[in-house]
Amino acid sequence: MRISKEETSSNASQVLGLISSLKQLQGVTSLDLNKLLRDAENFTIQHSTEKGSLLKIDLEKLARSLPLHLVSVLISSKKDEDMFKYLLCGIRLLHSLCDLSSKNSKFEQIFLDDVKVEEQLIDMVFFMLTYLGGYRQEGHAFSRVHLLHSTLVVCNLYLLTGFISTQWRDIVHVLLAHPKVDIFMDAAFGSVRVVVRCLETTLVAYNKDTSMESNLTAERVVFYLCQQCEASLQFLHSLCQQKSFKERLLRNKELCGKGSILLLAQSILKLHIQPYTPSRITASISRLKAKILSILLSLCEAESISYLDEVASSTKSLELSKSVALEVFELLKKAFGRNPGHLTAGRPMGFVQLNAMRLADIFSDDSNFRSYMILCFTEVLTAIISLSHGDFLSCWCSSNLSETEEDASLEYDIFAAVGWVLHNTSPDVKDATNLEFNLTRNSMLKASYAHHRTSLFIKFFANLHCFVPNVCEEQERNLFVLKVLECLQMDLSNLLPGFSFDSDAPKFATASKNLRSLLSHAESLIPNFVNVEDIQLLRVFFGELQSLFTPNGSGRNCVQKTQDSKFGESSWDKFYKLNINESYQEAQSAGGRPFPLTGKEPSDLDKKGGKVKEGMLENSSYANLEQCKTQAEDKVQGNGSNRQSQVENKGISGKTALGGARDTDKDAHKIETSGSDASSAKGKNAVAHMDNSDLSKSNERLKKVTVKENPEDEKSELAQRKKRKRTIMNDEQVLMIERALLDEPDIHRNAASLQSWADKLSSNGSEVTSSQLKNWLNNRKARLARTANKDVRPAGDDVDHPISDRQIGSALGPSDSPNGPGQHVVLVGVQGEEIGKGKVFQSHGMWNGKTLEELATCVVDVCELRVDKGLRLPYSSEATGTTFAEAQTKFGVMRVLWDLNKILVLRSD
């Protein structure tokens with residue numbers, strides 16, 4: 001079919017009219033457009049041009065034609081500065097038309113309610129971002145094209161909030177329903193990465209004191225690019241906070257499996273700030289780092305797919321992830337090395353330190369990164385515990401830090417951004433202007449910030465010291481404590497230049513004093529901030545460190561002996577060849593119990609003479625204990641009784657009850673830290689292990705600082721704390737695999753069986769791969785073993801005649817069934833979590849109409865419950881009760897029926 005000259009001429013005339021309308025209206029606000037529409041008929045407005053002529057424009061036709069017109073311009077025009085400016089004018093006009101729709105219902109009906117127009121807008125955004133993501137940087141650092149390109153990226157992203165919704169949930173719903181959503185993800189992250197590279201190039205030149213050719217100063221350019229980077233990353237961050245988007249993102253092989261997101265994170269974390277950099281630039285870059293760390297956190301904490309396992313699936317992405325981890329460690333080293341007063345006054349810096357600590361916590365608990373963190377970060381941790389006692393107390397044992405971090409969200413304005421960049425990139429501009437977007441601050445209460453920070457610090461020690469057979473590599477056994485011992489012999493003062501070290505006191509004595517104070521302070525943070533298990537692991541670490549330094553309490557320094565026999569090779573690689581030497585074997589007595597600690601710590605020490613008052617600084621847990629003088633041999637028997645997290649479970653008198661000492665900031669745990677979840681607590685209930693008398697004493701002693709909190713907030717916090725980082729299966733899937741383990745306990749050793757069960761489980765819930773199932777089985781086994789290795793102090797009927805720690809040995813595996821009444825046992829749940837402790841009441845015969853042998857169950861009187869009494873029992877009835885609370889009402893004790901394969905028998909020595 002031939003196209004007539006008249007049609008060609010008509011099309012050209014329409015395009016020229018469209019171009020003319022776009023140029024005339026791009027600077028008109030939505031308010032002014034709405035005023036013009038009021039006086040118009042059939043959406044045809046009259047607009048006066050700069051030359052005074054009157055131009056008639058059909059807004060309806062313009063709105064419907066604009067998306068496709070901009071795409072055609074991008075395809076056919078020369079890719080230069082003029083094209084970028086024209087596209088920005090078009091995006092700006094589209095933004096005004098979208099905003100107009102919210103003010104004019106009639107225009108909304110013919111614009112945003114038209115499905116075809118919305119599809120064209122989405123396709124336009126996808127296409128532009130794809131092009132911008134593949135853009136190659138050209139020209140010098142302060143090129144005007146960099147400013148135009150970065151603005152175009154951000155404006156396209158935020159245009160989605162104009163024609164879809166201002167609610168992120170609605171935006172995600174539309175994006176995920178689009179068949180090209182993966183293209184959008186690749187393009188969005190790719191284009192933001194180009195914007196970051198533009199900032200990186202410009203920042204390097206700015207640090208070299210390169211001046212601008214025009215009167216648009218270098219500082220203005222850098223700050224403008226910082227704001228564009230922050231706005232674009234903030235958009236991606238908001239999308240990643242939506243669970244459905246995050247889970248789809250985790251299935252994107254290019255971004256997650258091949259490490260594209262890690263490359264973006266690496267670029268941002270490497271942005272260097274000089275001491276003389278203006279505060280507004282420093283604060284913006286700091287918030288950038290906080291947001292990318294929060295995105296990584298969000299991915300790592302996803303339940304459906306393990307992000308760290310995905311990036312560890314190839315050598316290239318694993319190495320890239322370790323380089324990002326190293327940047328996180330370096331960031332923390334700088335943050336810890338500065339006195340808290342360094343924060344930029346008046347400008348929110350983002351929760352960069354807190355988010356970095358949360359991410360490091362995840363690294364410390366992951367088998368792919370644990371050894372690497374020990375290698376790269378132990379010196380910093382050792383330097384912190386070697387600080388002068390006053391500095392340590394003020395930074396890590398205080399509820400009132402001198403300065404805390406503050407986050408903020410940038411309120412991006414498309415109309416203002418395009419106006420600024422068009423004006424300031426004009427060749428004949430005379431007066432350059434400033435543009436600084438408003439910030440919506442998100443602050444955290446000081447005490448809450450301090451307590452979260454301390455809890456994460458404790459988790460570093462707990463995770464790095466905890467050894468779980470079949471999960472951890474054998475060379476990781478004792479690696480952390482030995483590395484700390486080595487670091488204590490080094491001069492680490494240069495790592496923390498903002499603080500003082502006590503040169504007169506022996507370094508080990510200072511570290512011991514600080515660790516005692518940390519343990520004591522940690523007790524006051526239970527259960528809202530610190531998990532009991534982490535405190536116990538820290539206590540075990542401290543005890544083993546003491547026993548390595550002074551074995552058998554003789555006071556003789558064994559560090560030199562250890563160095564001569566094991567460290568003489570002076571190579572970190574040879575750390576991996578270490579076996580447990582004699583002095584260490586002696587230290588591993590009585591299940592790896594640490595030396596009891598004695599003495600009290602002053603509660604008012606400060607290097608500047610000020611007072612740091614902490615109600616829990618007195619180490620009440622150890623005040624009446626004698627120093628251990630002899631220790632028994634610790635023999636490793638089989639892989640089920642290997643020393644892992646050998647934790648004492650003694651009644652601890654100084655711990656806080658559920659309603660006990662909490663910070664006055666009762667909403668502390670509700671504050672969001674850049675969208676990241678609260679740090680996981682290894683899936684254990686944070687309720688403290690203590691008897692009733694200890695609870696009453698603790699509450700009585702802490703009445704003055706107790707604040708009654710909202711019980712719903714408390715439940716929410718406890719539920720969050722119980723959450724595992726890697727819960728990959730629902731309850732039905734867990735029940736399926738638990739039943740399968742009864743018949744096939746070695747599923748994890750059989751590749752074919754693993755694959756078969758992974759397929760079966762996937763058909764009953766979310767997808768489970770064979771590698772994920774193997775990791776889950778190993779973690780389950782570790783949880784059971786960890787529970788089994790705890791000593792028990794029975795409560796209830798035996799309070800008056802407690803069984804000593806020496807009378808109670810380590811627990812047997814789940815295959816050792818109870819053989820008679822009176823045996824002390826531990827009850828566990830379907831995921832291996834500890835439910836409670838008690839004594840066997842009946843193991844054979846009939847009980848309330850049920851044959852125990854047929855059901856493979858026994859009756860247990862629960863003495864110490866670790867879960868809510870309202871939890872439903874696995875075997876419930878009207879006669880025996882449906883919950884623990886009902887059972888206690890009916891029998892006077894919590895007498896329950898429990899599966900034998902979920903009972904751990906405790907053996908006497």
Side-chain angles (χ1 to χ4, degrees), residues 115 118-119 121-123 125-126 129-130 133 156-192 232-262 264-265 291-311 355 358-359 362 409 672-678 680 716 719-720 723-734 761-769 772:
V115 176
E118 184 178 280
E119 289 177 352
L121 285 167
I122 292 177
D123 289 341
V125 170
F126 284 18
L129 290 175
T130 301
N156 270 280
L157 290 172
Y158 278 88
L159 188 62
L160 294 172
T161 65
F163 66 82
I164 295 179
S165 171
T166 56
Q167 301 298 314
W168 295 107
R169 179 176 55 186
D170 297 335
I171 294 174
V172 166
H173 178 74
V174 172
L175 290 175
L176 294 182
H178 199 282
K180 297 179 181 178
V181 61
D182 285 313
I183 293 176
F184 167 76
M185 289 179 173
D186 293 339
F189 278 91
S191 58
V192 173
S232 60
L233 193 66
Q234 180 176 287
F235 187 93
L236 298 180
H237 177 267
S238 298
L239 293 180
C240 290
Q241 297 312 299
Q242 301 297 313
K243 184 179 179 181
S244 55
F245 186 88
K246 176 172 61 179
E247 290 181 349
R248 182 59 181 266
L249 181 63
L250 286 166
R251 295 198 294 270
N252 186 301
K253 295 297 181 184
E254 185 67 31
L255 292 173
C256 293
K258 295 184 180 180
S260 292
I261 293 178
L262 290 174
L264 174 62
K291 283 181 173 62
I292 192 61
L293 290 172
S294 183
I295 290 174
L296 292 177
L297 268 172
S298 182
L299 295 175
C300 289
E301 291 172 346
E303 296 181 355
S304 59
I305 298 175
S306 170
Y307 177 63
L308 291 182
D309 284 348
E310 286 292 313
V311 298
N355 286 348
R358 290 181 187 281
L359 198 55
I362 292 175
S409 298
E672 269 192 30
T673 56
S674 292
S676 61
D677 293 338
S680 170
S716 173
Q720 183 70 19
K723 177 181 172 185
R724 280 288 299 180
K725 296 187 185 92
R726 298 198 176 187
T727 304
I728 61 172
M729 295 187 288
N730 58 33
D731 292 342
E732 183 180 353
Q733 290 171 310
V734 170
L761 293 170
S762 297
S763 64
N764 286 271
S766 59
E767 182 182 359
V768 180
T769 65
Q772 288 174 328

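Here R248 pairs with D182 in a salt bridge; the nearest charged N to carboxylate O distance falls below 4.0 Å.
In this structure, I164 and L121 have side chains that are not in contact, with every pair of non-hydrogen atoms separated by 4.5 Å or more. Looking only at side-chain heavy atoms (C-beta outward), I362 and L296 stay at 4.5 Å or farther from each other. At a threshold of 4.5 Å between non-hydrogen side-chain atoms, the residues L249 and I261 count as touching. Side-chain contact between Y158 and Q234 is present, with at least one heavy-atom pair separated by less than 4.5 Å. By the 4.5 Å heavy-atom criterion applied to side chains, L160 and V174 are not counted as neighbours. Side chains of H178 and D123 form a contact here, defined as non-hydrogen atoms less than 4.5 Å apart. In this structure the side chain of I292 never reaches within 4.5 angstrom of the side chain of L236, judged on heavy atoms. T161 is listed as a side-chain neighbour of F235, based on a closest heavy-atom distance under 4.5 Å.
Side-chain N or O atoms of S298 include one that pairs as donor or acceptor with a backbone N or O of C240 at under 3.5 Å. Between the S762 side chain and the V768 main chain, a donor and an acceptor come within less than 3.5 Å of each other. Within the 3.5 Å criterion, the main-chain N or O of E254 finds a donor-acceptor partner in the side chain of S260.
One distance of note links OG of S191 with CG of N156; it measures 8.5 Å at 0.5 Å rounding. We find the NZ-OG distance between K243 and S304 to be 7.5 Å, quoted to the nearest 0.5 Å. To the nearest 0.5 Å, the span separating SG on C300 from CD1 on I295 amounts to 12.0 Å. Expressed to the nearest 0.5 Å, how far CG of N252 lies from NZ of K258 amounts to 10.0 Å. For the atom pair E310 CD and K253 NZ, the distance stands at 4.5 Å (nearest 0.5 Å). Separating the CD atom in Q242 from the NE2 atom in H173 is a distance of 12.5 Å, to the nearest 0.5 Å.
For L157 against V192, the heavy-atom pair with the smallest separation is CD1-CG2, 4.2 Å. Contact between Q733 and L761 at its shortest, heavy atoms only, is NE2-O, 2.6 Å. Taking all atoms of both residues into account, the shortest heavy-atom contact from F245 to M185 is CE1-CE, 3.6 Å.
Each of L176, L129, T130 was scored for a side-chain contact (heavy atoms from CB on, under 4.5 Å) with F184, with one residue passing: L129.
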